[in-house]
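Heads up: the structure comes next, in structure tokens.
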Amino acid sequence: MEQISQLRRAGLFEARAPRYTSYPPATQFGPGVDGDMVEGWMAAVPPGAAVSLYVHVPFCKRLCWFCACRTQGTQSLAPVAAYVDTLLAELRQMRRRLPQGVVLSRLHWGGGTPSLLSPLLVRRLAGAILDAFPMAPGGEFSVEIDPTEIDTSRMAALAETGMTRASIGVQDFDPLIQEAIGRPQSFALTAEAVRLIRDHGIAGLNADILYGLPHQTGARMAETIQQLLALSPDRVALYGYAHVPWMSKRQVMIPEATLPDGEARLALFDTARALFLQDGFGQIGIDHFAKPHDRLALAAARGRLRRNFQGYTDDGAEVLLGLGASSISRYPQGFAQNAPATGVYVGAVRAGRVPATRGHAFRAEDGWRGRMIEALMCDFRIDMTEIQDRFGLSLDVQAQVYAPLLRRFAPVVVQEGGMLRITPEGQPMTRLVAQALDGYAAAEGSHSSAV
């Protein structure tokens, strides 16, 4: 009860904060970054560098009400095939702009529903990508799989082209909750998709579930977790549902009165967390869980955990290339986002231009503030000596930066020697603590619930 009282006093249950999958958050991106600037950033990538590549496929055959991703509905593969043609054109242009010898440390297909691609489209897209940028030794190729939109032929094509990790969306197995979020998906159907994944030799299996959904209770959450554990994933992302109908219009289909409040959301998270830990998973950062053998768990144990737009990662690449409408690239100089509207994106690629329309060029403080926030999100602590060595920020200056955090969040944020640390009791407040280090600190209304 004392922990709940502390969290309540800190304002956690009413607060909104970024998820900090980037710094600054994408809500701070603006029109100051364009294609000409990004061409220069591409040219500055070192020859032979290992980079990450994210491919966005913005099509779904069903538009789930809970989802806030950039997607559009289709019942035909014709627009998907045309979009793949544009992806291949953007890929060719990207290859020409980058130095020679670039290889991939990570390749990820997201969306949308990339698993709706036909076997022919899977082979065309994967073949062109790996011809342009070969996979580095130890590289990983992951794809988001909708269990309602996969079959043997498509899974075979993905496996043949080198997929090493599948990520399945579950959200919740309770039929009442599925009806409320517009995503019918039975446990039996999901188990069949997992069987297909395993039968095709895919070693890595991620699963995404949500807490904070309409009608969720502790008992329903526990039942979903037990069913999920029966599928034996290696890694689970336990995300808090972000109810942002002002950003995602389809969420108006979900009655707000059916959503749990902040304290109930935390109880749901704690229920799931306890079951994962009991089953042998380790907690990774604020919302991931992984088996001890998983690459994410190994990275966390070695202090090499990173954070990017897919959540947590063990990928150390300094460059992330985004391919497709609305995708985001990260360079040492800043972030660049492609045009979100598919038509605008297609027009830019056809004209031979880098399709970036917004982003953020890094400023002097962004490096150390971003690293402080990433360290809190990954490890719940900041090593002051590391910040001093990497960014030249003296311990005295850091002490001035941390002083407001120590006052506001005492006693769950403490300084011990050369470490600023969030105590285990205070870890639900991690996003709020990170926000206090944010030099941009956008209005809270543009973000999701902090718990």
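- The main-chain N or O of G285 is found under 3.5 Å from a side-chain atom of Q283 such that the two form a donor-acceptor pair.
- No donor-acceptor pair closer than 3.5 Å links the side chain of R273 to the backbone N or O of F289.
- The list of side chain to side chain donor-acceptor pair (under 3.5 Å) pairs with a residue in residues 410-424, not counting sequence neighbours, reads E416-R421, T423-E425.
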Listed pairs under 3.5 Å, donor-acceptor, residues 295-302 side chains, sequence neighbours left out:
unit_1 : atom_1 : unit_2 : atom_2 : d
R295   : NE     : D314   : OD2    : 3.1
R295   : NH1    : G138   : O      : 3.2
R295   : NH2    : G138   : O      : 3.2

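- The ring pair (Phe, Tyr, Trp, His ring centres under 6.0 Å) test with F269 singles out one residue from F276, Y211, Y239, Y241, and that residue is Y211.
- R369 places a side-chain N or O within donor-acceptor distance of the main-chain N or O of L437, the cut-off being under 3.5 Å.
- Using modelled atom types, one side-chain atom of Y312 and one backbone atom of I286 make a donor-acceptor pair closer than 3.5 Å.
- The main-chain N or O of G311 is never found under 3.5 Å from a side-chain atom of T21 such that the two would form a donor-acceptor pair.
- Between H360 and D366, the side chains place a donor N or O and an acceptor N or O closer than 3.5 Å (distance only, hydrogens not considered).
- Without hydrogens or angle criteria, R381 side chain to A375 main chain gives no donor-acceptor distance under 3.5 Å.
- When the options I129, L323, L53 are evaluated for a side-chain contact (heavy atoms from CB on, under 4.5 Å) with W109, the one that passes is I129.
- Judged purely by atom type and a 3.5 angstrom limit, E144 has no side-chain atom pairing as donor or acceptor with the backbone of S167.
- Look at D383 and R390 and you find no salt bridge, because none of the NZ, NE, NH1 or NH2 atoms lies under 4.0 Å from a carboxylate O.
- Put simply, the side chain of S115 gets close to the backbone of E149: a donor and an acceptor are under 3.5 Å apart.
- Without hydrogens or angle criteria, E374 side chain to R307 main chain gives a donor-acceptor distance under 3.5 Å.
- A side-chain contact (heavy atoms from CB on, under 4.5 Å) with L275 is found for exactly one of D270, T224, I225, L228, namely I225.
- Under the side-chain contact (heavy atoms from CB on, under 4.5 Å) test applied with L125, the options T161, L91, L117 reduce to a single match, L117.
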